[in-house]
Amino acid sequence: MEEKTKSLPTDLRMEANPPPRLLRVLTVVTILGFAGTLALGLKVAGTDIQQGEIQRIFYIHMPSFFGAFTAFGLTVVGGVIYLARKSERWDRIALAGVEVGLAFSLINLLTGSIWARPIWNTWWTWDPRLTSAAIMCLTYAAYLMLRAGIDDPGKRRAFMSVYGILAFVTVLITLFIIRIVPETIHPVIVGASPQNAQGGFEATSGVVIALVPSLLLWLTLMPITIIWHRVRLEARIEKLHQLKLQALSE
Amino acid sequence: MKTPFINSVAAIIGKDLRAEMRARELVSVMALFALLSILVFSFALELDREAREEAVSGVLWVTLIFASLLGFNRSMAQERDQGNLDALLLAPISRAAIFVGKLLGNFIFTLIVALAILPLMTALYGLALLDGWIIVTTTLGIFGFATIGTLLATMTVQTQAREALLPIAMLPIALPFLLTAVRATKGVLSGAPAAEWQGPLGMLAAITVIYLVLCLLLYEYVLEE
Amino acid sequence: MSDERALIDVENLSKAYGGMPVLRGLNFHVRPGEFVALLGANGSGKSTLLRLLSGLSKPTTGAIRVGGWEMPGEAMAVRAQIGLVTHQPLLYQNLTARENLDFFGKLYGIGREERDRRITDLLRKVGLRKRADSLVRTFSRGMKQRLSIARASLHQPDVLLLDEPYSGLDQAAIERLDEILFAGLDAGRTIIMSTHQLERVPRSAGRALVLSRGRITFDDATGSRDMSEIYRSASA
């Protein structure tokens with residue numbers, strides 16, 4: 001046993017696999033883009049008259065939700081294609097979508113909470129939109145838990161594709177909750193705010209200049225680049241796992 | 001070659017009903033749970049005859065969803081315990097027939113429990129829960145739970161943690177049913193004009209249809225290896 | 001390579017679970033009426049092979065044809081021709097013996113009268129006529145296994161697949177089961193039976209197929225040879 005692990009046959013070694021050129025370019029562009037949108041949000045956009053500096057957190061808060069939307073959306077796409085073609089690559093994309101989306105929605109909740117402290121005078125309130133965003137996070141946490149509970153890899157991939165598709169419903173609810181439960185205090189920046197909304201502000205030209213690039217970055221490059229890296233990592237983890245089994249069964 | 005859809009669905013429902021009449025494993029457990037839940041809520045929330053409609057409709061639906069979780073788990077466990085799911089899969093019937101058969105069985109059992117606790121809650125809280133529209137809402141909501149619950153229970157009984165995972169998997173996904181059903185029930189109870197609760201009720205119906213279609217499309221993937 | 005007369009055609013069949021190969025490139029044919037004993041240690045892939053043949057799981061690569069029908073594409077047609085008995089009885093505990101058979105009869109689309117006739121006949125053959133209306137949960141393991149054979153034969157399949165049918169049975173129950181399997185049921189049926197107990201291979205098995213680590217290491221008529229000798233040389 002000991003010896004075997006020490007001297008793995010060469011065909012069992014993992015080959016070095018540098019990231020493809022496009023991914024390297026994407027990574028650099030994403031990092032630069034993030035720095036750029038931060039500069040726009042922190043320096044270029046004017047300070048809000050009523051809310052002060054805290055309003056600037058909004059340039060991360062709302063885009064991070066849209067980033068989560070893209071990531072969870074990719075989970076749905078990955079799930080559908082996996083079920084149709086049974087290609088493991090798409091299951092990895094689905095899994096990466098969940099993890100990245102979950103991270104983004106936690107950023108969304110956290111930034112919202114930091115903003116709410118001075119503006120609503122509380123870290124958290126049981127507002128319908130906040131509640132449904134929290135439930136959305138829990139759904140995807142449940143995804144990860146469920147995934148860990150299924151041993152058979154074929155079943156795991158098929159089941160999780162199904163669950164990833166169904167879970168997207170909670171994302172849609174978070175988006176449309178104000179139509180089902182109108183008494184939310186969460187402001188709406190684009191379109192009409194609900195009448196109870198507290199802490200809204202006007203989308204002046206300064207706000208738009210800072211918001212739109214950030215929104216586009218979080219909607220596309222941020223999730224896609226990170227998911228791509230995560231998919232590559234997952235592929236290597238699976239490969240490693242396979243080699244382990246192979247080495248043990250030799 | 002293939003057994004007709006309707007025949008196989010009827011056979012599966014008939015089998016579940018007969019087994020339930022023999023063993024009374026589902027309805028009795030669900031009903032007892034629902035009763036306990038209502039009593040516990042009454043103590044914990046200090047609900048009385050002047051209880052607010054909002055609280056009561058919340059209690060009703062939380063009770064129903066937890067009771068249905070118990071039932072769905074038990075119903076699918078019966079298919080797994082002796083490897084029976086394999087026996088169903090071996091038969092020349094469509095996978096959709098297995099889903100629809102189990103779904104309707106689950107729906108019937110949970111509906112029986114719901115229809116039993118409505119008069120009970122009416123008596124306890126002095127609210128008109130035996131209203132026609134509340135029964136419509138209940139029926140729709142239970143059907144919604146059953147679609148999603150049947151699909152997810154089929155998945156979770158095949159996992160390691162089995163029963164424990166169904167609540168975690170189902171509660172967030174069943175949330176749209178819960179939200180709309182609670183609102184519709186609350187609206188009807190408070191005697192508000194129909195325009196106020198028809199919205200959520202219609203949305204409940206729409207969500208039920210969407211989930212039903214999704215589950216029908218996805219079911220075969222949780223059965224096949 | 002396909003054999004014109006074969007009822008079951010297995011070509012280059014492989015199955016892997018998460019990259020772990022369980023079956024590696026199997027090739028064999030079974031002719032109508034053959035009785036094949038499928039031998040191998042635990043974990044050699046016997047159950048996996050029978051699950052694949054019954055259509056319960058799908059091959060990773062390779063092809064299976066039963067009665068000319070391709071799997072998994074024409075699985076529905078294959079299902080109607082196959083009966084499977086495993087070490088799990090695949091019966092409902094809270095139904096009686098007769099109700100269980102009646103339910104499965106309906107799933108196989110057998111008409112009411114024909115169903116009743118076959119059920120009565122099978123219950124007699126497997127020696128459960130008197131217990132026909134008792135709940136299955138009150139049955140002993142041997143009785144469940146006999147009822148399970150009745151379940152698997154109800155639709156008169158061309159092929160009967162038996163996966164370790166003796167596990168958990170005592171000597172008397174085993175003899176009883178053999179009697180039903182090889183005398184009670186109508187002859188001429190194709191049978192593939194897996195077991196890891198060599199002494200359990202019935203004399204009527206005309207052919208042995210030995211699996212070792214997912215490969216066929218022996219496939220021939222048993223003749224007058226000693227099973228344990230075949231097995232020893234094949235798994236070496």
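Numbers restart at 1 for each chain; the letters A, B, ... are given by sequence-line order, proteins then strands.
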> What do you reckon, is CH2 of W120(A) surrounded by more than 12 foreign heavy atoms closer than 6.0 Å?
Replying inline: yes
> So which part of T139(A) gets closer than 4.5 Å to some heavy atom of chain B, the side chain, the backbone, both or neither?
Replying inline: both
> How far does CG of L175(B) sit from CD1 of I135(A), to the nearest 0.5 angstrom?
Replying inline: 4.5 Å
> Do L152(B) and V162(A) come within less than 4.5 Å of each other through their side chains, counting heavy atoms only?
Replying inline: no
>> Nearest 0.5 angstrom please: L151(B) CG to Y163(A) OH, how far?
In response: 10.5 Å
>> What I'd like to find out is whether the side chain of Y221(B) reaches to under 4.5 Å of the side chain of R157(A), using heavy atoms alone.
In response: no
> Where on L171(B) is there a heavy atom nearer than 4.5 Å to chain A: the side chain, the backbone, both, or neither?
Replying inline: neither
> Is it the side chain or the backbone of L218(B) that comes within 4.5 Å of chain A heavy atoms, both, or neither?
Replying inline: both
> If you tally heavy-atom pairs under 4.5 Å against chain B, which of A142(A), A158(A), G149(A), S132(A) wins?
Replying inline: G149(A)
>> Please classify the contact between I165(A) and chain B as side chain, backbone, both or neither, with a heavy-atom cut-off of under 4.5 Å.
In response: side chain
> Does L146(A) reach the side chain of M155(B), with side-chain heavy atoms less than 4.5 Å apart?
Replying inline: yes
> Going from CE on M145(A) to CG on L165(B), what distance comes out if it is rounded to the nearest 0.5 angstrom?
Replying inline: 8.0 Å
> With respect to chain A, which residue among A164(B), P172(B), P176(B) yields the maximal number of heavy-atom pairs within a distance under 4.5 Å?
Replying inline: P172(B)
> Would the number of heavy atoms belonging to other residues, nucleotides or ligands and lying under 6.0 Å from CZ of R117(A) be above 12?
Replying inline: yes
> Which atoms of L217(B) come close to chain A, meaning under 4.5 Å heavy atom to heavy atom: side chain ones, backbone ones, both, or neither?
Replying inline: neither
> Is it the side chain or the backbone of Y211(B) that comes within 4.5 Å of chain A heavy atoms, both, or neither?
Replying inline: side chain
> So which part of L138(A) gets closer than 4.5 Å to some heavy atom of chain B, the side chain, the backbone, both or neither?
Replying inline: neither
> In terms of heavy-atom contacts, does CZ of F33(B) have more than 12 from other residues, nucleotides or ligands at under 6.0 Å?
Replying inline: yes
> Taking atom OG1 of T159(B) and atom NZ of K155(A), what is their separation to the nearest 0.5 Å?
Replying inline: 9.5 Å
